[in-house]
Structures are given as C-alpha cells and as structure tokens.
Number of protein chains: 2
Amino acid sequence: MKIDIENINKAFENRIRLGIMSVLMVNDKIDFNTMKELLNLTDGNLASHITGLEKQCYINVSKQFVGKKPNTTFEATPEGKLAFKTHLNALEKLIKG
Amino acid sequence: MKIDIENINKAFENRIRLGIMSVLMVNDKIDFNTMKELLNLTDGNLASHITGLEKQCYINVSKQFVGKKPNTTFEATPEGKLAFKTHLNALEKLIKG
DNA sequence: ATTTTTAACTTTGCATTACAAAGTACTTTT
DNA sequence: AAAAGTACTTTGTAATGCAAAGTTAAAAAT
C-alpha cells in the first residue's frame with residue numbers, strides 16, 4: 001500500500017495556483033482583474049503566480065485592448081489542463097486511501 | 001461567483017501533510033516507520049511535518065515500546081479530522097467551479 | 001564488553017516560496 | 001494638469017521545504 005505522492009504536482013500545490021487553474025478549467029478565458037477579484041489577491045501576488053504557471057506552459061497570457069483599455073487574459077493550455085487533471089486524479093486517489 | 005479560498009487550510013496545502021492526514025483518516029493509528037515508507041520520506045522530513053501538524057493539534061503523537069523497541073505512533077485528533085474534512089470540502093467546491 | 005544497528009529525532013544550511021507594499025510606466029478619464 | 005486604472009516589477013521580509021549530517025538512547029550482534 002505505497003502512496004502515490006509523485007503525481008501530486010508541485011505547481012498546483014499552492015492554493016492560489018489551484019484556484020487559478022480551477023477557474024481556467026471552467027472558464028475558457030478570463031482577464032486579470034476578474035481573476036484578481038475572484039481570488040481576492042493583490043496585483044503583485046496574482047502576477048507572480050501567473051508567471052509561475054506560464055513558465056511551466058500551463059497557461060497562456062495574452063494582451064489586447066478592450067475599448068481603449070489594456071486587457072490581459074489568461075487561458076489554460078491543453079498541457080495545463082492535462083496536468084491539472086492528472087493532479088486532481090492523484091489527489092482523489094490519495095484521499096481515498 | 002466569488003471563490004472560497006479561505007477554507008483551504010494552509011496546514012494541508014503541502015503534499016506531504018496531505019499524505020499524512022489521508023493516511024490517518026483511513027488508519028486509526030500508524031507508526032513512524034510505516035508512515036515514512038508509505039510516503040517515501042527521510043526521517044527528518046517526516047519528523048518536521050509531524051511536528052507541524054502536532055502544533056496545530058491536528059494529530060497526536062505517542063511513544064511506547066513494542067517488544068523491546070521504541071515505537072512512535074500517530075493518530076488524527078477529532079479536531080484534525082474535522083479540519084481535514086473541511087479542507088477536502090473546500091477543495092471539492094473549488095474544483096467544481 | 002564492545003561494536004553495530006535501529007528508532008526517532010534535531011540541527012544545519014541552503015534554496016525556494018509567499019506575499020504585502022511600494023514603485024513604475026503608460027493610458028485614460030476628469 | 002491631476003487623478004485613476006491596468007498591469008506589472010521590485011523590494012524586503014518571513015516562512016517553508018528538504019536533504020544530509022549529527023545526536024541520543026536502547027537493543028542486538030559479535
């Protein structure tokens with residue numbers, strides 16, 4: 001009865017990144033400020049977690065103008081979605097002994 | 001659609017502590033070395049996470065002799081079980097958007 | 001009797017992480 | 001011109017994670 005702790009992805013251990021990914025599994029695209037409010041974060045904190053996930057290629061960040069305001073949006077990559085699902089499976093297995 | 005990230009307990013964020021608690025939800029008591037092997041940890045690493053969980057009163061640690069060997073066992077406190085369940089509920093909610 | 005092993009830590013040292021707060025740059029609204 | 005919004009980056013500090021080595025004490029082996 002050895003326990004599978006390897007498939008628990010370090011990138012998703014943190015609750016903020018867990019939150020970000022959860023949001024991005026349900027919402028195709030979401031912008032900076034919406035995410036910030038959903039998760040109740042400071043700008044800097046969100047930005048840094050986003051950078052982390054982007055570096056691992058789990059999300060894509062794109063910038064455009066909406067009306068005349070700059071707008072940054074996030075979306076999960078296929079790779080990110082897969083990794084997150086794997087993570088959730090590992091979590092589930094772990095919890096169910 | 002604000003997201004509940006507060007009920008995600010920081011004490012259980014780490015995968016090792018998550019593993020420890022999962023094991024202790026299923027197994028009433030478990031000893032140091034069994035836990036160590038289950039989770040594939042070094043002595044020091046297990047000891048430090050155990051100390052963390054004990055300080056929060058989520059687990060109890062007891063020592064006795066089995067045969068003639070010292071034996072340390074862990075068990076989750078009622079408080080710990082409740083906190084862990086709350087954590088899992090928060091996780092589930094989060095994941096299901 | 002002395003060495004080795006087992007159990008369970010504690011300490012050390014280093015690298016990483018988390019996060020608030022302040023600062024930056026550029027734009028737009030007032 | 002001043003204030004506010006968007007999206008960062010930088011700074012500073014504290015906490016975390018973890019392997020590896022060291023410690024203590026009892027037990028088993030030689």
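Chain letters run A, B, ... following the sequence lines, proteins first, then strands; residues in each count from 1.
Applying the side chain to side chain donor-acceptor pair (under 3.5 Å) definition to pairs two or more places apart or across chains, those involving residues 37-48 of chain B are Lys36(B)-Asp43(B), Asn45(B)-His49(B).
The CG-P distance, from Leu41(A) to dT6(D), rounds to 16 Å in whole Å. Summarising the geometry, the separation between NZ on Lys36(B) and P on dC18(D) is reported as 16 Å, rounded to the nearest angstrom. Whole-Å rounding puts the Phe12(A) CZ to dT17(C) P distance at 14 Å. Going from atom CG of Leu39(A) over to atom C1' of dA18(C) covers 15 Å, rounded to whole Å. Atom P of nucleotide dC8(D) and atom CD1 of Ile50(A) are separated by 9 Å, given to the nearest angstrom. For Ile20(B) and dC18(D), the CD1 to P distance is 11 Å, given to the nearest whole Å. Distance, Leu18(A) CG to dA18(C) C1': 16 Å, rounded to whole Å. In this entry the distance linking CG of Leu46(A) with C1' of dG5(D) reads 16 Å, nearest Å.
Between Lys68(A) and Asn40(A), the residue whose closest nucleotide on DNA chain C is further toward the 5' end is Asn40(A). DNA chain C is contacted by both Gly67(A) and Lys10(B); Lys10(B) maps to the nucleotide lying nearer its 5′ end (nearest heavy atom per residue). Judged by closest nucleotide on DNA chain D, Gln64(A) is the one of Glu13(A) and Gln64(A) placed further toward the 5' end.
The shortest distance between side-chain heavy atoms of Phe12(B) and Leu53(B) falls below 4.5 Å. Between Leu46(A) and Ile20(A) the shortest side-chain heavy-atom distance falls below 4.5 Å. Looking at Met25(B) and Lys81(B), their side chains come closer than 4.5 Å, going by heavy atoms from C-beta outward.
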Where do Thr73(B) and Phe32(B) land on the side chain to side chain contact (heavy atoms under 4.5 Å, CB included) test, with the steps shown first? CA-CA 6 Å; Thr73(B) 56; Phe32(B) 191 95; over 6 Å; no
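Minimum interatomic distance between Ile16(B) and Ile5(A) (heavy atoms only, all atoms of both residues): CA-CD1, 3.9 Å. Across all non-hydrogen atoms, the minimal contact from Ser22(B) to Ile95(A) is OG-CA, 4.0 Å. The two residues Tyr58(B) and Ala11(B) have their closest heavy-atom pair at CE1-CB, 3.8 Å.
Residue contacts for Ile16(A): at a heavy-atom cut-off of 4.0 Å it reaches the sugar-phosphate backbone alone, with no base atom in range.
A sub-4.0 Å separation between OP1 or OP2 of dC18(D) and a side-chain N or O of Thr42(B) is absent.
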Give the B/S/- string for nucleotides 6-13 of chain C, one per nucleotide from 5' to 3', where a protein heavy atom under 4.0 Å of the base yields B, of only the sugar-phosphate yields S, and otherwise -. -SBBB---
Return the polar atom pairs (N/O with N/O) between nucleotides 12-16 of chain D and the protein under 3.5 Å, or none.
none

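Under the 4.5 Å side-chain heavy-atom criterion for grouping Ile, Leu, Val, Met, Phe, Trp and Tyr, Val61(A) is connected to Val23(A) within one hydrophobic cluster.
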